[in-house]
Amino acid sequence: MRELTAKSFELRQIVLDMIMQSGGGHIGGDFSVMDILVTLYFKQMNISPENRDDPDRDMFVLSKGHSVEAYYAVLAAKGFFDTEKLVREFSAFGSKFIGHPNNKLPGIEMNSGSLGHGLPVCVGMALAGRMDKRGNRVYTVMGDGELAEGSVWEGFMAAGHYRLSNLCAVIDRNRLQISGGTEEVMSHENLADRIRSFNWNVINVNGNSIEELNKAFEEARLEKQKPTCIIAGTIKGFGGGEIMENKAVWHHKVPSQEEYETIRAELNRRREAALHE
Amino acid sequence: MNKIPNRKAICNVLLERAQTDRDIVVLCSDSRGSASMAPFFERFPDQSVEVGIAEQNLVSLSAGMAKCGKKAFCFSPASFLSTRSYEQAKVDVAYSNTNVKLVGISGGISYGELGMSHHSAQDIAAMSSIPNMRVYLPSDRFQTACLTEALLQDQKPAYIRVGRNPVENIYQEYCPFEIDQASVIPNGDVQKAVSSGKANWQALGENDVAIVACGEMTGPAVSAAALLWEKGIPSVVLDMYCVKPLDKKALIQAAGHAKLVITVEEHSPFGGLGAAVSQAVASECPKKVINLALPDTPVITGKSQAVFDYYGLNSVGIAKTAMENL
């Protein structure tokens, strides 16, 4: 796990470079969601460039599509495409590395960007998997601000109704959205209870701990009657240090050169610390 | 008097094909009765999905299933499917390029008495402006069956609108059909109907009027052409069930050999068949084009035939428009 934690900080550095190079991106959510993606892609999901067309592969949809920089960085690390090319071409004119997931790129199943689509799409994938008696699993990652979309709850309802235990939804619960705190914008009080009441298994974890996340995903595999929702408590901007963490302004702020150096140094420090823990 | 609505024709084809094709799935939003899909749900429960009254979910689930290799046929009233779940159609179906066939049932003013909430006079405009979304409005049950068979053969998104009520047969057991080719019907004589690729335009000669229609308006267009022929006015009807991609080749031939073009559709005057035809004719072979459509106002309520008659969307109205403008 130490190596993976170190990798998560390395990948945040790639994200930082992508955003500096292109002059845009959603860095706060990229940094909060990174550990979830690293755990899924390096510990949990049966997906790789070699089996990307295998009907038995695990399926993934990034519902919070604006965290695309983190997603691209993880896919590149997984070998789906070249990291240098990614950093060079991200958001460039005519590039395939556009500012939301694009399924013309290898490894990406569905286009996303508009919020509230990932969970219902994954309900369809999970139903199809069960219909064909495949043993694969289906994962989606949503933001917490996204939960205000009504379509998310249509998805929760259908997955609970159909008892899709092959489906696992993760909420990147960083408690911040573009206008401020999620609880001020539209509160999600008793979130776990709300989701449980839709016939879901709910697990709360520290979403910036790969170890805890991995345990939660393992626990979800044991649930055979219901879909599982992992509420991953995260810190927006995690890894960026004091100037960045838990600050709504970093939803899509591009760092100044000075901030870049500070964030980069902090990511390096944490990477080293993880390796020598 | 035909009693089989076009929606039933779709169900019949799917019932037959699903016996050997386990990848065909049907999804409904508490709409299996209105969609005539109850027999499919009974016969193939393992290939049927009920999502409840949740059209957004309906379309996203269909897209997810299609991504996993299913041939998803997704049924909901056209009024809801084309607006309530518009973004799901745009993003999850068209943009992600999933093999979902969106079937808008009870389209146009099928629910004439129920008011604007249940009318879909905007669905052609909405759906055809989405890149990678095809739009089909088949005319009668025979053509609907041919279209369904054809759509089972491809992997691309499409929107199909059918009405609630049975419409009179236009074609018989032999229906001229090629995907994305209009049917060419000289002087309203359906015995001579051919797919546009097989039409002999030289032999068809010069006509006074080209009438371009789709969906439930094709029947009245054919009858209008027969009325015109009785009065010595030659015409050609294009059954343009493929509103997108529009059969431009046939349109240019038909318009090029006519003095006047009339379009007829059960849709708003904006962004529908009339708009597409006018755009193509204006740029390729300028001719006078008259668009017959529903008005840009909440449509008067009543049985759909009474509403059509009120707005002149019937054979007499079409023939009269032709005669007044020649």
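Order of the sequence lines fixes the chain letters, A, B, ..., with proteins taken first and strands second; residue numbering starts at 1 for each chain.
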Single hit among B/E87, B/Q88, B/E55 for side chain to side chain contact (heavy atoms under 4.5 Å, CB included) with A/S151 | B/Q88

Portion of B/V49 that has a non-hydrogen atom of chain A nearer than 4.5 angstrom = both

Between A/Y72 and A/F81, how do the two ring planes meet: parallel, tilted or perpendicular, split at 30° and 60°?
-> perpendicular

Counting heavy-atom pairs under 4.5 Å to chain B, which of A/H117, A/M110, A/M125 comes out on top?
-> A/H117

Under a 4.5 Å heavy-atom cut-off, does chain B meet the side chain of A/M131, its backbone, both or neither?
-> side chain

Would you mind checking which part of B/T98 comes under 4.5 Å of any heavy atom in chain A, side chain (CB onward), backbone (N, CA, C, O), both or neither?
-> side chain

Please state whether the side chain, the backbone, both or neither of B/D46 comes within less than 4.5 Å of a heavy atom of chain A.
-> backbone

Examine whether an atom of A/M59 lies under 4.5 Å from a heavy atom of chain B, and if so say whether it belongs to the side chain, the backbone or both; otherwise answer neither.
-> side chain

Paired with B/Q47, the side-chain hydrogen bond (donor to acceptor under 3.5 Å, both in side chains) test is passed by just one of B/K71, B/K70, B/R22, namely B/R22

Kindly indicate whether a cation-pi arrangement holds for A/K78 with A/F42, taking the cut-offs as under 6.0 Å to the six-membered ring centre and within 45° of the axis.
-> yes

Could you check A/L86, A/T83, A/D30 and say which one makes a side chain to side chain contact (heavy atoms under 4.5 Å, CB included) with A/M18?
-> A/L86

